[in-house]
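Let me begin by presenting the structure, written as structure tokens, before commenting on it.
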Number of protein chains: 2
Amino acid sequence: MKRTTKNIFYSESTEKTARFAKALGHPVRLTILKHLSNLSCCHTGDLVDILPLAQSTISQHLKELKDAGLIQGEVNPPKVKYCINIENWHKAQQLFDTLFKEDFSKISCC
Amino acid sequence: MKRTTKNIFYSESTEKTARFAKALGHPVRLTILKHLSNLSCCHTGDLVDILPLAQSTISQHLKELKDAGLIQGEVNPPKVKYCINIENWHKAQQLFDTLFKEDFSKISCC
DNA sequence: ATTTTATATCGCAAATATACGATGAATGTT
DNA sequence: AACATTCATCGTATATTTGCGATATAAAAT
């Protein structure tokens with residue numbers, strides 16, 4: 001990325017929606033979230049058993065989900081229990097809801 | 001990316017959701033979609049006027065939205081009129097709906 | 001005190017994404 | 001025919017993402 005010419009500013013909701021969408025934009029991370037929904041919670045190790053990826057890779061995906069605010073981890077060394085961050089999950093849900101509620105019914109030109 | 005060890009396969013819905021989410025995961029593309037929702041349709045030039053980005057950059061973002069299936073373009077040289085691809089838009093809406101409908105109410109561990 | 005367990009982080013390589021200017025293509029205008 | 005308009009695509013530079021193995025960390029088990 002360059003963005004040398006100008007810094008673009010977007011609305012708060014646009015920024016947030018993009019942030020969430022980006023985090024959701026990888027099948028591994030969706031699989032992790034789906035797994036979390038089945039088990040309520042899980043440890044990194046559970047995911048390592050399921051996904052054919054290195055532990056470090058999965059840890060990285062978890063970090064991204066965490067940074068995006070979609071999950072949270074309860075450290076309990078040497079284990080970490082992950083689960084959905086409900087508050088932000090609902091926020092994301094709401095943002096996508098709004099996005100998809102755009103009224104495209106009037107379109108007839110294409 | 002390498003993925004040399006194994007090729008991972010995900011469910012159809014996971015793949016599709018990730019595809020849509022990825023396309024939505026950039027503020028410029030969300031802005032384009034928002035603009036399309038306001039005007040029903042628009043030309044590349046309209047977006048160039050609004051966004052402080054080079055025409056080629058915007059064209060590239062439009063291509064990604066088109067490749068993801070979220071928009072469609074009606075070529076009418078030298079102009080191209082873009083609008084939402086309603087069918088896929090609804091499909092995306094449904095996929096995100098399903099994703100966010102995951103029941104996390106039972107969570108109490110974190 | 002050493003080893004084991006579970007996880008995060010670092011450093012690297014390859015792939016992909018983002019952005020730009022230049023150029024090409026298609027049509028309309030002069 | 002030459003030019004203008006509108007847009008896509010190419011080539012390139014840089015940034016970010018994805019993935020891995022190796023290593024670090026922190027507590028429990030031996």
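A note on names: the letters A, B, ... follow the listed sequences, proteins ahead of strands, and every chain is numbered from 1. Keep in mind that what you see is a predicted model, and the values were worked out from it rather than measured.
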CD/Glu15(A): more than 12 non-hydrogen atoms of other groups inside 6.0 Å
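Yes, because the 6.0 Å sphere around CD of Glu15(A) holds more than 12 heavy atoms from other groups.
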Name all residues meeting the side chain to side chain donor-acceptor pair (under 3.5 Å) criterion together with Lys63(B); count only those two or more places apart in sequence or in a different chain, and write none if there are none.
Asp67(B)
Taking only residues two or more places apart in sequence or in another chain, which ones pass side chain to side chain donor-acceptor pair (under 3.5 Å) with Thr14(B)?
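By the side chain to side chain donor-acceptor pair (under 3.5 Å) rule, Thr14(B) matches Lys34(A), Ser11(B).
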Compare every heavy atom of Arg29(B) with every heavy atom of Ala23(B), then report the nearest pair and how far apart it is.
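Smallest interatomic distance, heavy atoms only, reads O-NE, 2.7 Å.
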Quick one: sort the Phe96(A) and Phe96(B) rings into parallel, tilted or perpendicular, breaks at 30° and 60°.
parallel
Please state whether the phosphate of [N], meaning OP1 or OP2, lies under 4.0 angstrom from any side-chain nitrogen or oxygen of [X].
X        : N       : value
His61(B) : dA17(C) : no
His26(A) : dG19(D) : yes
Tyr82(B) : dT6(D)  : no

Who pairs with Thr44(A) by side-chain contact (heavy atoms from CB on, under 4.5 Å), at least two apart in sequence or on another chain?
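Partners of Thr44(A) under the side-chain contact (heavy atoms from CB on, under 4.5 Å) test: Val48(A), Ile58(A), Leu62(A), Tyr82(A).
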Under the rule for side-chain contact (heavy atoms from CB on, under 4.5 Å), what residues qualify as partners of His43(B), not counting sequence neighbours?
Asp46(B), Lys79(B), Lys81(B)
Are any non-hydrogen side-chain atoms of Leu53(A) and Leu47(A) less than 4.5 angstrom apart?
no
Flag the pair Glu74(B) / Val80(B) as yes when at least one side-chain heavy-atom distance between them is below 4.5 Å, and no otherwise.
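A side-chain contact is absent here, since even the closest heavy-atom pair is not under 4.5 Å.
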Provide, to the nearest angstrom, the distance between the [atom1] atom belonging to [X] and the [atom2] atom belonging to [N].
X        : N       : atom1 : atom2 : answer
Gln60(A) : dA15(C) : CD    : P     : 17 Å
Leu62(B) : dA19(C) : CG    : C1'   : 15 Å
Gln72(A) : dA8(C)  : CD    : P     : 14 Å
Ile58(B) : dA19(C) : CD1   : C1'   : 11 Å
Lys63(A) : dA8(C)  : NZ    : P     : 10 Å
Leu53(B) : dA8(D)  : CG    : C1'   : 16 Å
Asn76(A) : dT7(C)  : CG    : C1'   : 12 Å
Arg29(B) : dT16(C) : CZ    : P     : 15 Å

Keeping Ser59(A) on the side-chain end and Gln55(A) on the backbone end, is there a donor-acceptor pair under 3.5 Å?
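Looks like no, no N/O pair under 3.5 Å.
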So how far off straight is the helix from dA1(C)-dT30(D) to dT30(C)-dA1(D), going by the axes through five pairs at either end, to 10°?
10°
Across the strands shown, which category fits [X] at heavy-atom distances under 4.0 angstrom: base, sugar-phosphate, nothing?
X        : value
Thr57(B) : base
Lys22(B) : sugar-phosphate
Thr44(A) : sugar-phosphate

Counting only side-chain heavy atoms from C-beta out, which of dT7(C), dG21(D), dC20(C) sits nearest to Ala54(A)?
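Within the option list, the nearest is dG21(D).
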Along nucleotides 22-30 of chain D, 5' to 3', which nucleotides get a B, which get an S, and which get a -, given that the test is a protein heavy-atom distance under 4.0 Å?
B---BS---
